[in-house]
K.L.:
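Right, I'll just put the structure down here and ask away after.
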Amino acid sequence: MIQPPRIRFSRRAIRLIGCAIFLQCLVLAFSAPAFSQKRSARNELKEAMRLTRDNELKKGEEILQRLVQADPDFAKARTELAFNLTKQRRFVDAYETVLSVLDKDKRDTRALSVLGALLVASGRLREARGILYRALELDGGEHLAWASLGMLDYYDNDVDDALKSLKRAIYLAPREPDYYFSLAQASARADRYKDAATAYDRFLAVSGEMDIDRRERIKGLVSFLRYLGDRPSLYDVSGASATSIKFELVTNRPMVEVYLNDNPKPFRFVIDTGSGMTVVSETAAKALGIKEVARGGKGRGVGGDGTFPIVYGFLNEIKMGDVSVHNIPVYIRNVRTRNHIDGYLGLAVISKYFTTLDYGTNTLMLSKDDTAQVFSKANVEHMLPLRLTPSGFLSGEVGVSGIETNLNFIVDTAASISVISDNVASAEAIKKYLSDERYKVVGVAGETVDVPAFLLPRVTFGNNVRAPLVAVALDLDVINEASGFDQAGILGGNFLKNYRVAFDFKNARIRLTPLVAETQ
């Protein structure tokens with residue numbers, strides 16, 4: 001049998017091998033805590049992202065702030081902190097945080113996606129599109145970029161592309177509740193009510209804990225959407241191709257008489273471009289025998305700090321002059337007002353027509369076709385684009401003297417007076433325009449008294465100028481929670497009453513013709 005050769009080491013070699021083993025053990029001993037710390041940080045980051053996804057934003061932020069303080073170069077923690085702050089609508093902090101990541105790596109696709117989502121949420125929509133395209137160019141699997149692009153298309157009135165992008169986001173990240181919520185909103189906008197109900201159900205299934213009232217609101221909405229999905233058709237139009245109706249201007253709000261169902265008595269409705277759905281007062285609903293078809297949760301609104309029950313109903317017909325709209329979903333609500341009002345005529349009804357409000361002659365004109373060629377190519381320079389938010393608001397870009405960039409304002413014919421948000425009112429450039437007057441604001445949620453007013457020296461909407469214009473300052477958080485992108489104010493009746501206002505809802509645009517020469 002052949003024996004293997006015996007290997008002999010010198011004492012010096014043995015000492016060297018022993019030193020090497022000792023040094024290796026020493027390195028492992030020191031690196032183990034560092035490895036453990038990195039693993040712990042990754043686990044904490046994962047937990048913070050879960051909390052953010054479940055809308056437990058403060059808890060998630062606390063972990064992310066701790067991670068960033070412990071390691072300022074932890075780019076992923078900074079990026080997720082920026083996303084968390086975006087969801088809290090703390091846009092300035094979020095912007096600074098995500099830029100600190102992109103300054104070091106301009107190809108960080110998650111950071112680009114968060115920046116795009118931030119720009120969409122804060123209302124900087126024009127800037128957002130290029131950022132989102134860049135993120136998807138670098139990585140087509142960035143689900144947040146797809147979701148944000150979907151909502152951007154939604155706001156720009158391209159619902160088909162919005163649905164495609166949102167479905168792509170859900171395919172890539174099927175556990176993200178926000179994506180299902182956005183898909184539900186877009187599906188409802190496309191009149192796919194059963195699809196919307198299914199998406200809301202999925203949202204409830206994958207969401208973390210939420211307050212009971214919000215869950216009840218969504219459950220009520222799902223019931224209503226399923227009810228609508230079983231109807232053969234909605235918002236069917238009949239009658240003449242055009243009609244003109246005189247309206248009464250009451251506290252800067254246009255009020256028309258309409259006929260509901262087969263009732264021979266006229267009802268007084270405010271034309272309301274600040275509401276997607278039509279509202280019928282509880283008194284009018286009782287007189288007409290309209291029953292609720294669904295309900296759920298409580299709503300809040302601008303004006304007052306109270307709440308109101310969300311109740312859904314259904315109207316067979318609204319007749320306006322020589323035209324009628326049939327099968328109309330409505331809210332049934334207690335209408336708070338000093339004047340006798342039976343309801344509010346929402347966008348879903350009047351958007352079936354080219355709609356013109358002539359404040360000079362107090363005339364509402366509804367037409368199936370643009371026979372007056374108000375929106376012809378010859379008049380293109382006088383047209384202004386509008387965006388429709390998921391909550392049913394029309395939003396346009398408005399300039400306010402002292403603010404460098406245009407701001408998103410809701411165009412609301414049912415608002416007596418224009419409004420700026422508390423955030424705009426607190427800007428140094430605006431504070432100096434505070435007037436001595438105080439107002440009482442009556443809204444759907446009650447009354448707000450002693451509201452500060454500002455005499456803004458110049459407000460512009462496209463080429464249309466009011467100088468000066470009174471605006472009250474209100475907390476618009478309730479609106480912004482539902483509108484999808486930040487609204488800085490409301491362009492109300494004290495601005496609009498100076499114009500002949502024409503709406504092309506299908507193409508999301510508006511044209512204002514001054515009644516008298518404007519002061520520039």
Side-chain angles (χ1 to χ4, degrees), residues 57-58 61 81-99 114-128 151 155 274 300-305 387 389-391 393-412 415-435 437-439 441 443-445 448-461 466 468-492 494-495:
L57 301 178
K58 289 298 183 182
E61 182 195 353
L81 176 59
F83 183 54
N84 180 289
L85 294 171
T86 296
K87 293 189 70 170
Q88 294 188 56
R89 309 194 70 82
R90 291 161 56 186
F91 299 130
V92 174
D93 292 340
Y95 188 73
E96 292 175 352
T97 303
V98 74
L99 280 190
V114 169
L115 176 59
L118 162 63
L119 292 172
V120 172
S122 61
R124 296 164 62 179
L125 305 184
R126 295 185 184 184
E127 299 170 61
M151 291 313 291
Y155 303 145
R300 296 180 297 148
V302 175
D305 55 5
R387 298 183 176 100
T389 74
S391 48
F393 299 129
L394 286 173
S395 178
E397 294 186 7
V398 172
V400 177
S401 181
I403 305 294
E404 292 183 4
T405 58
N406 282 347
L407 303 172
N408 296 309
F409 271 51
I410 296 162
V411 181
D412 188 357
S416 297
I417 194 169
S418 297
V419 176
I420 55 174
S421 71
D422 286 346
N423 292 334
V424 173
S426 64
E428 290 300 324
I430 301 299
K431 285 181 180 179
K432 58 187 175 183
Y433 303 127
L434 178 65
S435 76
E437 290 189 79
R438 291 291 186 272
Y439 284 77
V441 176
V444 66
T448 304
V449 297
D450 200 32
V451 177
F454 292 76
L455 188 62
L456 304 176
R458 180 181 170 92
V459 173
T460 60
F461 187 26
R466 302 317 304 171
L469 183 76
V470 175
V472 297
L474 292 172
D475 182 349
L476 297 185
D477 285 351
V478 172
I479 285 177
N480 285 322
E481 286 171 7
S483 67
F485 62 99
D486 208 49
Q487 303 298 318
I490 298 171
L491 208 58
N494 64 329
F495 183 100

K.L.:
Find the distance between CZ (F454) and CD1 (I420) and round it off to the nearest 0.5 Å.
P.N.:
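Rounded to the nearest 0.5 Å, the CZ-CD1 separation comes out at 5.0 Å.
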K.L.:
Could you check whether any side-chain heavy atom of S395 comes within less than 4.5 Å of a side-chain heavy atom of Q487, counting everything from C-beta outward?
P.N.:
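Result yes, sub-4.5 Å side-chain heavy-atom pair found.
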K.L.:
Let me confirm one number: the CG-NZ distance from L455 to K432, rounded to the nearest 0.5 Å.
P.N.:
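So the CG of L455 and the NZ of K432 are separated by 13.0 Å.
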K.L.:
Could you go step by step and tell me if F485 and R387 meet the side-chain contact (heavy atoms from CB on, under 4.5 Å) rule?
P.N.:
CA-CA 10 Å; F485 62 99; R387 298 183 176 100; 4.1 Å; yes
K.L.:
How many angstroms lie between atom CZ of R89 and atom CG of L57, to the nearest 0.5 angstrom?
P.N.:
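With rounding to 0.5 Å, CZ (R89) is 12.0 Å from CG (L57).
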K.L.:
So that I can tick it off, tell me whether R90 and E61 are bridged by a salt bridge, with the cut-off set at under 4.0 angstrom between side-chain N and carboxylate O.
P.N.:
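Salt bridge present between E61 and R90.
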K.L.:
Rounded to the nearest 0.5 Å, how far does CG of N480 lie from OG of S421?
P.N.:
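Spacing of OG (S421) from CG (N480) equals 7.5 Å.
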K.L.:
Of all heavy-atom pairs between I403 and L407, which one has the smallest distance, and what is that distance?
P.N.:
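Shortest heavy-atom contact: CG2-CD2, 4.0 Å.
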K.L.:
With a 3.5 Å distance limit and no angle check, can you tell me whether N406 reaches the backbone of E397 through a side-chain donor-acceptor pair?
P.N.:
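Here the side-chain-to-backbone pair does not exist.
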K.L.:
Please step through side-chain contact (heavy atoms from CB on, under 4.5 Å) for the pair V398 and L491, ending with a clear verdict.
P.N.:
CA-CA 8 Å; V398 172; L491 208 58; 4.2 Å; yes
K.L.:
Side chains of R438 and V451: does their closest heavy-atom pair fall under 4.5 Å?
P.N.:
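They are not in side-chain contact.
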K.L.:
Compare all side-chain heavy atoms of I417 with those of Y439 and state whether any distance is below 4.5 angstrom.
P.N.:
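Yes - at least one pair of side-chain heavy atoms lies under 4.5 Å apart.
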K.L.:
Hey, what do you get for CD1 (I490) to CG (D412), rounding to the nearest 0.5 Å?
P.N.:
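Between I490 CD1 and D412 CG, I get 6.0 Å after rounding to 0.5 Å.
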K.L.:
Kindly indicate whether the side chain of V470, heavy atoms from C-beta on, has any atom under 4.5 Å from the side chain of N494.
P.N.:
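SC-SC contact between V470 and N494 confirmed.
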K.L.:
Specify the closest pair of heavy atoms between A473 and A425, including all atoms of both residues, with the distance to one decimal.
P.N.:
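Looks like CB-CB, 3.8 Å.
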K.L.:
With a cut-off of under 6.0 Å to the ring centre and 45° to the axis, is R124 in cation-pi contact with Y95?
P.N.:
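Yes.
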K.L.:
Is there a side-chain contact (heavy atoms from CB on, under 4.5 Å) between V120 and Y155? Walk through the geometry before answering.
P.N.:
CA-CA 10 Å; V120 172; Y155 303 145; 3.7 Å; yes
K.L.:
So do the side chains of V400 and I430 get within less than 4.5 Å of each other, counting heavy atoms only?
P.N.:
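SC-SC contact between V400 and I430 confirmed.
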K.L.:
Using the side-chain hydrogen bond (donor to acceptor under 3.5 Å, both in side chains) rule, take D486 and S122 through it: C-alpha gap first, then chi angles, then the decisive distance, then the call.
P.N.:
CA-CA 5 Å; D486 208 49; S122 61; over 6 Å; no
K.L.:
Within this structure, what is the CG-CG distance for the pair L115 and L99, rounded to the nearest 0.5 Å?
P.N.:
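That separation rounds to 6.0 Å.
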K.L.:
Any chance you could lay out the side-chain contact (heavy atoms from CB on, under 4.5 Å) test for L119 and L125, step after step, and finish with the verdict?
P.N.:
CA-CA 6 Å; L119 292 172; L125 305 184; over 6 Å; no
K.L.:
Does any part of the side chain of S418, heavy atoms only, come nearer than 4.5 Å to the side chain of R466, both counted from C-beta?
P.N.:
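Sidechains of S418 and R466: no contact.
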K.L.:
Going by heavy atoms in the side chains, are V411 and F393 under 4.5 Å from each other?
P.N.:
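A side-chain contact is absent here, since even the closest heavy-atom pair is not under 4.5 Å.
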K.L.:
Quick check: closest heavy atoms across V114 and F83, and the distance to 0.1 Å?
P.N.:
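Smallest interatomic distance, heavy atoms only, reads CG1-N, 3.7 Å.
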K.L.:
Mind checking whether D422 and L476 have side chains closer than 4.5 Å, heavy atoms only?
P.N.:
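The answer is no, as the side chains (C-beta and beyond) never meet within the 4.5 Å cut-off.
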K.L.:
Would one find more than 12 heavy atoms of other residues, nucleotides or ligands at under 6.0 Å from atom CZ of R126?
P.N.:
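No, because the 6.0 Å sphere around CZ of R126 holds 12 heavy atoms or fewer from other groups.
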